[in-house]
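Comments concern the structure below.
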Amino acid sequence: MLRQLAWRNVRRSITTYRLYFLTLSVAVSLFYLFNSLGDQQQIIDFSQMQLEILANTKQALGVVSIIVTIVLGFLVVYANHFLLQQRKKEFGLYLTLGMGQRQVLKILWLETCYVAGLALLVGIVIGILGTQVMSLITSQLFGAEIITYKFVFSLMTIVKTIMYFVLMFVTVACINAWRFSRYQLRELLVAKQRSQIQEPKQIKAKALGFVVSIGSVAIGYSLIMSADLIMNIIVSGLGACLVLGGTVGSLYTGTTVTLEYFRKRKSSYFHSVNIVVIRQLFYQFHLNIATISIVSLLLFATMTTLALGFSYKDAVEANLQRIAPFDATIVFQNAVEYPDMSAAEALLQADVNLDDFGQYDEINLYRTRVTENDFFAQYQNANSTLQTFFNHGATVNISAVSVSDYNQLMDFQGKTPIQLLDNHVALISNVSDMEGVLAELVKAQTSVSIEGKEYTVQTYAMESIQNENYGRDTVIFVLPDEAISGFEKQQVIANLSLNPATAEQTVIQLQQVQAEFFDNPRFNSETGYFTGITKAEIYQETTGQTTLWLYVGIYIGIVSLVASVTVLAIQQLIEVNQSRERYQALKRIGVTQADIKKMIRYQIGFYFGIPLLLATIHTAITIPLVITNVPDMNFEQLLNPLVFTFVLFVMIYGGYSYMTYTSYCQILKEKNVKGW
């Protein structure tokens, strides 16, 4: 009988359970979608390095899934609180008619199980369908090809999803039992909670607090900008705290100031149902100030993560062609101990012939006594890029190459060589943000003292003299050949151009040779120490790492967005119980149903809109700040991510807002509010 009663209650309370069902379905589909990532290797041709990165991504998403489960558990507990609030009288009647507390709890448990079970099934189906699309996205993000398309299905991921889901609901059931046991019969039968809207007090003090809060936000952002977002963590952290505190303070005091402003504008305040809407919003914002602040923070984090995550990935991958222009690079590190030995000669002693791999060019890298701080001293205080690189004392010695070696490398790449004048120096860098600085040095005909001799900066070029995955050549001197002769040789760099027909097999051979560098003691004792990296390795590792963090960011971002709108929606629907008599009174004094619906739309619109507006303002300030401080990022890369973020917010945030409005009106109808 209890099963039949529970099933009947579910069918009769579709409006009450609609939000609950939707949230669980979305959460389950996201859980399945991101945890099935590792199974996409069935149809995608990943390299060995990409498989390792894919495994790390799957492991990272597994850890994130634990956090997601905790968040979902919180949402389920919060949603169950809404269900109890909605049906207190009903449960009180069950107890009055002779049911035991355990039987009532069993009914509630069965109802939630029916809804959760259906949501689990729907969520898994949506997740499985979404995985087919995710496979295409994953192949593009990793730069891998799809071998053959087939339907991707993961039984283990389904089992894992069900296990997490069941564990969460067992915990929630225990919390529900504890909460229900604390209710008294009288409390269940009366079940009235009237909103006491108090008049705002201490208007002048709160107006001052509002001004101080806005000032705190402004000072906080000023500290972050002046302290350099990336390098000075302490000052940037203090600025972030001021921004956060100022936001919460402005939200709290701003509602009071706004209410007082409208109260003094009698024509607007007493027009239609504005007085009810304004006072109700004032009460809700003061009652839920902590929740709204947290929601604003989550929305802000979601916006910035989605927008900047894609932009950062695009920036990093767009920069690869500049930092990895060669098919492969092998670096002979022990050039100091073997100053007359080339990289090719050293490798021959270990039975490795560079001619077997393709065409190559060698360039000698020398060390000067000029540090980066010395060379850029006059620009450090005036240029934000240099502040980013050198604020913490860059004492790295600048390297140098001879003009003949450099021109030979340009010829190897099919580029135009340079004509270096006597007593002049050329500058090369592979850091895009340095281009403006180098141009200023050339324009000013800056001079630099190298080994006691003065050189004038003649020209610059944005180039790389070797493949680099982590290192960055901030600046390298190109000097006349005669100036280089007395310098200490630092490295010998061999850059390779592979035959396109056999490039893939050659890369595998090079990786095997590199492994032998560490296993064969002859390389350390007789020929020195080598390092090497191919363009393919750099591309695969870079795209893999950026994709990993992008997946994690999207996963957390969407879950945070769903959690935020769910909390806002539940708070509004809980408010229906507290406002039933108010709507009855409005109907009695002649307010039409259309006006009441308009009042509800305004109320829900402002309640959802204010946190979104705050998050948007902070995002609009933060994105330019990050782009300015992070090398290789620009505003052109933001278009597609911003469109994606906008569409996602319209679908989820807008969808939940509309569903909250329709559910609000439907609940009033079910509460038998006259005229509905």
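- The distance from atom OG1 of T566 to atom CG of L24, rounded to the nearest 0.5 Å, is 9.0 Å.
- Listed by chain and number, the residues in a side-chain contact (heavy atoms from CB on, under 4.5 Å) with I219 are L223, L242 (sequence neighbours excluded).
- Note: L129 CG to I124 CD1 = 12.0 Å, rounded to the nearest 0.5 Å.
- Ring planes of F606 and Y602: perpendicular class, angle over 60° (limits at 30 and 60°).
- Among all heavy-atom pairs drawn from T157 and N35, the shortest one is OG1-O, 3.7 Å.
- The shortest side-chain heavy-atom distance between I158 and I128 falls under the 4.5 Å cut-off.
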Name every donor-acceptor pair, under 3.5 Å, that has one atom in a side chain of residues 548-559 and the other anywhere in the protein, sequence neighbours excluded.
from : atom 1 : to   : atom 2 : distance (Å)
Y551 : OH     : T138 : OG1    : 2.4
Y555 : OH     : S65  : OG     : 3.2

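- Nearest approach of G209 to T253, heavy atoms of both residues: C-OG1, 3.9 Å.
- Contact of the Q572 side chain with the Q603 side chain is registered, since non-hydrogen atoms from C-beta on lie closer than 4.5 Å.
- In this structure, CD1 on I294 lies 12.0 Å from CG on L299, to the nearest 0.5 angstrom.
- Contact annotation: the side chain of V64 never approaches that of F34 to less than 4.5 Å [non-hydrogen atoms, C-beta and beyond].
- When side chains are defined from C-beta on, L251 counts as touching I610, because their heavy atoms get closer than 4.5 Å.
- Considering only heavy atoms from C-beta on, V626 stays 4.5 Å or farther from T304 through its side chain.
- Note: I623 CD1 to L642 CG = 5.5 Å, rounded to the nearest 0.5 Å.
- Inspection of the Y607 and Q571 side chains reveals an N or O donor paired with an N or O acceptor under 3.5 Å.
- Counting all heavy atoms, side chain and backbone alike, L614 lies closest to S296 at CD1-OG, 4.0 Å.
- Within 6.0 Å of the CZ atom in F646, the count of heavy atoms belonging to other residues, nucleotides or ligands does not exceed 12.
- Between T616 and F300, the closest side-chain pair of non-hydrogen atoms is not below 4.5 Å.
- For the pair L612 and F608, the minimum side-chain heavy-atom distance is 4.5 Å or more.
- Here the straight-line distance linking atom CZ of R601 with atom OG of S657 works out to 13.5 Å at 0.5 Å rounding.
- Looking only at side-chain heavy atoms (C-beta outward), I126 and Y32 stay at 4.5 Å or farther from each other.
- We find the CG-CG distance between L568 and L573 to be 11.0 Å, quoted to the nearest 0.5 Å.
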### Query
When you look at Y656 and L22, which way does the side chain to side chain contact (heavy atoms under 4.5 Å, CB included) test go after all the steps?
CA-CA 9 Å; Y656 267 81; L22 178 62; 3.9 Å; yes
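- Judged by distance alone, with hydrogens and angles left aside, the side-chain atoms of T305 form no donor-acceptor pair with the main-chain N or O of T302 at under 3.5 Å.
- Without hydrogens or angle criteria, S29 side chain to S25 main chain gives a donor-acceptor distance under 3.5 Å.
- Checked by atom type, the side-chain pair Y252/S293 shows no donor-acceptor distance below 3.5 Å.
- Judged by distance alone, with hydrogens and angles left aside, the side-chain atoms of S663 form no donor-acceptor pair with the main-chain N or O of T660 at under 3.5 Å.
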